[in-house]
Structure formats: C-alpha cells, structure tokens
Amino acid sequence: MNNQQFLDVIYTHTEGEPTCIVHGGIPYPFGGDILDKRRYLQQHHDHVRTSLMREPRGHQHMFGVFLTPPSDADHDAGMLWIDGEQFVDMCGHGTIALSMAMVAHRLAPPPQENGLTRIRFETTAGTVVSEVKADADKVHWTRFENVPAFVMEQDIPVNVPGLGILKADLVFGGNFFAIIRVPADKQPICPENGSYFSHAGQAVKAELNARMEIRHPTHPHINGLNFVTFWHEGSQPDSLYRNVHVFSDGKLDRSPGGTGTSAMMAMFHARNELEVGRPIHSEGLLGSGRFTGEILGETEIGGYRAIRPSVQGTAELIGYAKWLIDARDPVGRGFVIR
C-alpha cells in the first residue's frame, strides 16, 4: 500500500470569487506563530498550494486558504491565503466565506449572547475579527474588522495602457493596492473588459514596483505591490463605486473585495470624502452583489494616519473535495498555461 496524502477541502464563492478552504490533511508542527506556519508550508507543503490552485484541480483565478490551528489563546484559528503564484497576506472575500463555512460546519466557537459568532483570526497582516450571523437553518453573513488601512502616497503618475497617464494612490488595506480611477465611458468595469484590466493591472504593477520601494512600516515582511485596483462610479445609485482588483499574474477578483473595500475607504477618508461611521456599498467586477463597508474609527500605524475598517458580505457553499496528492504524478502538482 502506498503512503498517500489526502486533503479535505470546502469550496465557496463570495459574489463569484472562489475560496478553496484547506481544513484537513496538513500536520502543522506544534508551537510557532502564523509566520512560522507559513514558512513551514512554503518549505514542506508548497506542492499542496500549487496542486489545488493550478490545473488540473484549480484554474487561473482560483484562490484559497489554509485554515490553521491558533498560535495562542488570543486567537481561534489562523488564515494563510494563497493563489497559484504565491502566499497573500490577507483576503476579505475569503474571510467572509471562511467565517460562514466555519459556523456552518461547527468549526467555530459557540455564539455569543447576542446571537453572533465571534472568531478571532491571526493572519500575517495582523489580527482580524469576524462576527457571523446565523440561525438554526441558515448562515446569513459575515462582518469583519480588518487590520488598519492607510494611505502611503497619493497622486502617483502612472502610465495605464490605452488611457495614458493617470494618478494612483498607494494604499494598504491588508495588502498593498495601487488605486486608479478610470473613465467609465472609455473602459467600463464589467466582465467583457476583464482581459483589458488584467493586462493593464500587470503593466501598472510592474511600473510601480520598479520605481518604488514599498514596505509596511510595522510588518516588514509585507513588501511590494501585488494589487492594482481600477474604479469608477457605481452602477447602482447608492453605491460609492464599482471596482476590479488585479493581482499576482493578472488574476481578477470577481467580488467587490474585502481588503480592497478597506483600502478604498482609507483612500476616500484621506481625501475627506468619507467620514467615520458612514456605511458605504462597494460593487465588484460581476456586479452581482455588494459589500457594505464602514470606518469604525481612526488610528495610527508607523506614523501614518489610518482607519479601522469593517466589511460585511455573504458567501455561498458550493462543494467539497477530498483530494489525493500523489508524489509520483508531477502534472498533478499543478501546471500553468499562459
């Protein structure tokens, strides 16, 4: 009998954006913090990441998370976010999905007296706290307080293919984002224009990473620009905006984006266009549903004026898998076709 590795996975989507939740099959070592767990996965189980995110089990735009044991008594679980190219420090659409899935599958702490289930996650970007609304028949939504978001630099000139020189704001919302407003009449944000935004986002990211040294002021392991956000006015009258987030090798977030909504609120707040306590609605690439964001308060991170962002949304359970990872099958460890 061959010694095989089996992985238990839950699949969800959040307004169209997938999350592959790896919740069984990884023997995490005892002790160490969330960064130690990430290093362990990178050194010993990175083939799991590529096997699940890439073909033949995944696809170009697949996104996922390793649900890890907590490192201390202050947290309930850890989240390590992944795509086909790398580990990512934080993910909001996935936090919404993972939190709801944990409640639905009895993997979360019991509900509080107010009926909400509270989950404290550790991430490589800091602590993220979710509240999940559920009743006996259904899990309804997640609202989470993200790590502090802040603007690092404003109005950076950048060449956007087909649109010329536009201005970008460099913002941290759990990941670093370059946020660019585009004219809706020239390049509307919609699925039909996905290829354009993928190409343009890659070009902008390459230009800014070549020109700037980007590093988080208190988490030096978070460095470099990975997300480019294009936005314009929303499709619905009460939406603050519609956007698309481009990341890694040109992947497109289908949802409004949770860390992206955090970054967008920080950008608007820094320009005195969004006050503390005012709820906003954000639209994503598909336009199928919206996230609700709110600035809970102000704070400071490494000398930068920052906000405490909250994001609420909902996700759907779409399936389960028990994947076999066979070391004798190199193609099964994942491949990419450009």
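Everything quoted here is computed from the prediction, not taken from an experiment.
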Gap separating the [atom1] atom of [X] from the [atom2] atom of [Y], nearest 0.5 angstrom:
X      : Y      : atom1 : atom2 : answer
Arg290 : Glu15  : CZ    : CD    : 10.5 Å
Glu17  : Thr12  : CD    : OG1   : 9.5 Å
Gln60  : Arg54  : CD    : CZ    : 9.5 Å
Met265 : Tyr241 : CE    : OH    : 7.0 Å
Leu7   : Leu324 : CG    : CG    : 9.0 Å
Ile82  : Thr50  : CD1   : OG1   : 9.0 Å

Out of the candidates Leu98, Val132, Thr117, Thr14, only one should pair with Thr142 under the side-chain contact (heavy atoms from CB on, under 4.5 Å) rule; please name it. Val132
From the options Arg271, Arg181, Glu153, Met152, select the one residue that forms a side-chain contact (heavy atoms from CB on, under 4.5 Å) with Asp169. Arg271
Determine the minimum heavy-atom distance between [X] and [Y], stating which atoms define it.
X      : Y      : answer
Arg143 : Ser310 : CG-OG, 3.4 Å
Gly94  : Trp81  : C-CH2, 3.2 Å
Glu207 : Asn159 : OE1-N, 3.3 Å
Ile180 : Ala168 : CG1-CB, 3.6 Å
Pro148 : Ala306 : CB-CB, 4.3 Å
Met79  : Met90  : CE-SD, 4.1 Å

Do [X] and [Y] have a side chain donor and acceptor closer than 3.5 Å?
X      : Y      : value
Asp33  : Ser71  : no
Thr299 : Arg308 : no
Glu131 : Asn114 : no

Under the side-chain contact (heavy atoms from CB on, under 4.5 Å) criterion, do Ile280 and Thr261 qualify, and how do the steps go? CA-CA 9 Å; Ile280 64 102; Thr261 297; 4.2 Å; yes
In terms of hydrophobic clusters joined by side-chain contacts under 4.5 Å, are [X] and [Y] together?
X      : Y      : result
Val22  : Val65  : no
Tyr40  : Val88  : no
Ile214 : Ile222 : yes
Leu80  : Leu67  : no
Leu225 : Leu166 : yes

Donor-acceptor contact below 3.5 Å, side chain [X] vs main chain [Y]:
X      : Y      : value
His13  : Glu316 : no
Arg338 : Val336 : no
His245 : Lys251 : no
Ser255 : Gly257 : yes
Asn226 : Ser248 : yes
Arg242 : Leu285 : yes
Glu283 : Ser239 : no
Glu85  : Asp249 : no
His232 : Val182 : no
Arg215 : Asn223 : no

Tell me the salt bridge (Lys or Arg N to Asp or Glu O under 4.0 Å) pairs involving residues 188-205, sequence neighbours left out?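 Residue pairs passing salt bridge (Lys or Arg N to Asp or Glu O under 4.0 Å), neighbours aside: none found.
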Tell me, do [X] and [Y] make a side-chain contact under 4.5 Å, heavy atoms counted?
X      : Y      : answer
Asp89  : Thr123 : no
Leu170 : Val151 : no
Phe144 : Phe121 : no
Arg254 : Ser288 : no
Leu240 : Arg278 : yes

If hydrophobic residues (ILVMFWY) are linked whenever their side-chain heavy atoms come closer than 4.5 Å, directly or via other members, who joins Leu116 in its cluster?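 Taking Ile, Leu, Val, Met, Phe, Trp and Tyr as members, Leu116 shares its hydrophobic cluster with Trp141.
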Relative to each other, are the rings of Phe176 and Phe172 parallel, tilted or perpendicular (30° and 60° limits)?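 Aromatic pair Phe176/Phe172 classed perpendicular.
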Tell me if the aromatic rings of [X] and [Y] count as close, with their centers under 6.0 Å from one another.
X      : Y      : result
Trp231 : Phe177 : no
Tyr320 : His105 : yes
His216 : Tyr304 : no

By side chain to side chain contact (heavy atoms under 4.5 Å, CB included), which residues pair with Arg57, not counting sequence neighbours? Ser51, Leu52, Trp323, Ile325
Any chance you could lay out the side-chain contact (heavy atoms from CB on, under 4.5 Å) test for Ile156 and Arg211, step after step, and finish with the verdict? CA-CA 11 Å; Ile156 307 166; Arg211 287 167 47 189; 3.5 Å; yes
I would like to know whether Phe63 and His93 meet ring pair (Phe, Tyr, Trp, His ring centres under 6.0 Å); could you show each step before the answer? CA-CA 10 Å; Phe63 203 83; His93 90 266; 5.6 Å; yes
Step by step, work out the side-chain contact (heavy atoms from CB on, under 4.5 Å) result for Leu41 and Val48. CA-CA 9 Å; Leu41 290 172; Val48 172; over 6 Å; no
Residue Glu213 excluded, over 12 heavy atoms near CD under 6.0 Å: no
Looking at His221, I'd like to know if its NE2 atom is crowded, meaning that more than 12 non-hydrogen atoms belonging to other residues, nucleotides or ligands lie closer than 6.0 Å.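 Yes, the 6.0 Å shell around NE2 holds more than 12 heavy atoms from other groups.
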Arg120/Glu145 ion pair, N-O < 4.0 Å: no
Go through the steps for His269 and Val276 under the test side-chain contact (heavy atoms from CB on, under 4.5 Å), then give the verdict. CA-CA 8 Å; His269 184 67; Val276 173; 4.1 Å; yes
